[in-house]
Amino acid sequence: MVGKKKRKSSKTVVNLILGVICFIWILPTFGLFASSFRPAADILHTGWWKVFPHQEWKAGETLQLSKDVDLRQPIEVNGKTYSDDQLKAGVKADDSRLIWENRRARTVNMQEQGWKTTPDLTLDNYKNVLSGKEYKLKEADGSETVQKGSGLSQAFWNTLTIAVPATVIPVLIASFAAYAFAWLRFPGRKTLFVIIIAMLVIPIQVALIPVLKDYTSLGLNGSYLGIWLAHTAFGLPLVTYFMYNFISQLPKDLFESAFIDGASHFTIFSRLILPLSVPALASIGIFQFLWVWNDYLVSLIFIGNQPSVQVMSMKIADLVGSRGNDWHLLTSAAFISMLMPLAIFFLLQKYFVRGLMGGSVKG
């Protein structure tokens, strides 16, 4: 009985912690979504929660004070005295608030509290982000011309062109390598495996300049092939380690039966390993895709920042403008960039959970 109560209490604590973590993640995401539909002026001056009904102080009766009121002394308003600083910030008096309306004219406004909502929603942010914002330019003769900036559409396809191969290639190569390390016997197997795993602790920034020099001499810099190879190289250690943990836990009898039937290693890998490893492949594929999709540094180094090859992370940074005057567009741009990773995750979430649990329990 005591053990059952302990298990129930521990389960409650775990669920409570998970609920808090989910709330911490969901709240800013919802705020980002709400802000993406708000006009620029509202985003710049009020919080996203103002779209919901809330109480605010509204202008009410104007009280005229005597013109000879000394602001350095306590000021009497409706029989009570307040300081100048209190009236500047607003001071509560009964059910109303007193605040300077015009300090020089000695007028005080008696504000009343009431419910208010700012439901002004617009699709202009998404329109400007997707199709490009329109800018009015003044010509030398005084006339105005309208020019349209570039949107996220080209950057979206560029990112997708990079992310899909940069996810499939390392996952496929790492699966071959994991199978070899787990079930093949060859000289130096353990040493080579340790070297690959040790590369996990090496920061990718250390390799950027040497790889860039080699890319320049080989003519790979600025090409899709170059960025695919870069993401593959940087992602292989983790993907190999992850796949090894899964493939090495598969039943040994399965391979012995296949060898008795005359199956080759390639047949075993393609007909047995890959179908059985779908949960693990989906799990590590999600991680690799998210890393490549949100990457900024590697893409900037190996493919550049030209508009024709820009990825989403670069384009979103450029949307702010050189002086940061369009930073409100980040709300809709960031939410658009989240749609593809979220879609991938929800489509593969059942495999994701199974893949994370793969190899954790034997038998």
Side-chain angles (χ1 to χ4, degrees), residues 162-208 210-211 214-215 218 220 224-259 261-293 295 298-299 302 344 348 351-362:
I162 293 173
V164 173
T167 300
V168 175
I169 295 173
V171 170
L172 186 60
I173 295 176
S175 300
F176 277 106
Y179 172 73
F181 287 129
W183 298 105
L184 299 185
R185 298 295 178 264
F186 55 89
R189 178 175 63 93
K190 293 184 178 180
T191 303
L192 185 59
F193 182 72
V194 170
I195 292 174
I196 293 177
I197 301 307
M199 294 175 65
L200 286 170
V201 301
I202 300 177
I204 63 173
Q205 292 84 355
V206 176
L208 292 178
V211 174
D214 293 336
Y215 270 29
L218 295 173
L220 291 175
Y224 284 123
L225 178 60
I227 192 66
W228 292 341
L229 294 177
H231 279 303
T232 298
F234 294 139
L236 269 177
L238 177 60
V239 182
T240 302
Y241 179 68
F242 186 93
M243 292 304 300
Y244 172 83
N245 287 337
F246 186 89
I247 294 176
S248 63
Q249 299 300 321
L250 294 176
K252 187 177 180 181
D253 297 342
L254 190 67
F255 299 92
E256 292 177 350
S257 300
F259 281 124
D261 292 337
S264 63
H265 285 294
F266 182 78
T267 302
I268 293 174
F269 179 81
S270 58
R271 299 293 182 87
L272 292 178
I273 300 300
L274 287 183
L276 291 174
S277 302
V278 169
L281 293 171
S283 299
I284 196 61
I286 290 174
F287 283 120
Q288 179 70 8
F289 183 86
L290 290 177
W291 176 59
V292 177
W293 184 269
D295 169 68
V298 177
S299 297
F302 294 113
I344 295 295
L348 302 176
Y351 300 110
F352 179 75
V353 176
R354 287 166 54 189
L356 290 180
M357 295 297 295
S360 61
V361 180
K362 292 185 178 181

In this structure, CG of N245 is separated from OG1 of T240 (nearest 0.5 Å) by 11.0 Å
Scanning both residues in full, the closest heavy-atom pair of A163 with F289 reads CB-CE1, 3.6 Å
With distance as the sole test, does S277 use its side chain to make a donor-acceptor pair with the main-chain N or O of A280 at under 3.5 Å?
no
Minimal heavy-atom distance between A198 and V201, with the atoms involved, is O-CG2, 3.0 Å
So F234 and M199, do their side chains get closer than 4.5 Å, heavy atoms only?
no
In short, A230 meets V298 closest at the heavy-atom pair CB-CG1, 4.2 Å
Output for pair (I196 CD1, L238 CG), nearest 0.5 Å, gives 12.5 Å
Quiz prompt | Any side-chain heavy-atom pair of F181 and L192 under 4.5 Å | solution = yes
task: Measure the acute angle between the ring planes of F269 and F176, then classify it against the limits of 30° and 60° as parallel, tilted or perpendicular.
output: parallel
One should read off an interatomic distance between S175 OG and I273 CD1, to the nearest 0.5 angstrom, of 9.5 Å
Check your understanding: Can you check whether H231's main-chain N or O pairs, donor with acceptor, with W291's side chain at less than 3.5 Å?
Key -> no
(message) Using ring pair (Phe, Tyr, Trp, His ring centres under 6.0 Å), reason through F193 and Y244 one step at a time and then give a plain yes or no.
(response) CA-CA 10 Å; F193 182 72; Y244 172 83; 4.5 Å; yes
Item to complete: Measure the shortest side-chain to side-chain distance between T167 and W293 over non-hydrogen atoms and say whether it is less than 4.5 angstrom.
Response: no
Note to self: Looking at R189, I'd like to know if its CZ atom is crowded, meaning that more than 12 non-hydrogen atoms belonging to other residues, nucleotides or ligands lie closer than 6.0 Å.
What the structure shows: yes
**Message:** Does L254 form a side-chain contact (heavy atoms from CB on, under 4.5 Å) with L276? I'd like the steps, not just the answer.
**Reply:** CA-CA 11 Å; L254 190 67; L276 291 174; 3.4 Å; yes
Measure the shortest side-chain to side-chain distance between V211 and F302 over non-hydrogen atoms and say whether it is less than 4.5 angstrom.
yes
### Message
Using side-chain heavy atoms (C-beta onward) and a distance below 4.5 Å, is I247 in contact with W183?
### Response
yes
message = Contact between L281 and M243 at the side-chain level, heavy atoms closer than 4.5 Å - yes or no?
response = yes
CD1 of I268 to CG of L274, rounded to nearest 0.5 Å, is 12.5 Å
Within a radius of less than 6.0 Å around CZ of F266, do more than 12 heavy atoms belonging to other residues, nucleotides or ligands occur?
-> no
Note: Q288 and P170 closest approach over all heavy atoms is NE2-CG, 3.7 Å
- Task: Test F255 against L272 for side-chain contact (heavy atoms from CB on, under 4.5 Å), laying out the working first.
- Result: CA-CA 9 Å; F255 299 92; L272 292 178; 5.6 Å; no
Any side-chain heavy atom of F242 within less than 4.5 Å of one from S283? yes
The side chain to side chain contact (heavy atoms under 4.5 Å, CB included) partner of L236 among V171, I173, I169 is I173
Rounding to 0.5 Å, atoms CZ (F259) and OG (S264) come to a distance of 8.5 Å
Output for pair (L218 CG, L229 CG), nearest 0.5 Å, gives 10.0 Å
Other residues, nucleotides, ligands: >12 heavy atoms within 6.0 Å of Y241 OH:
no
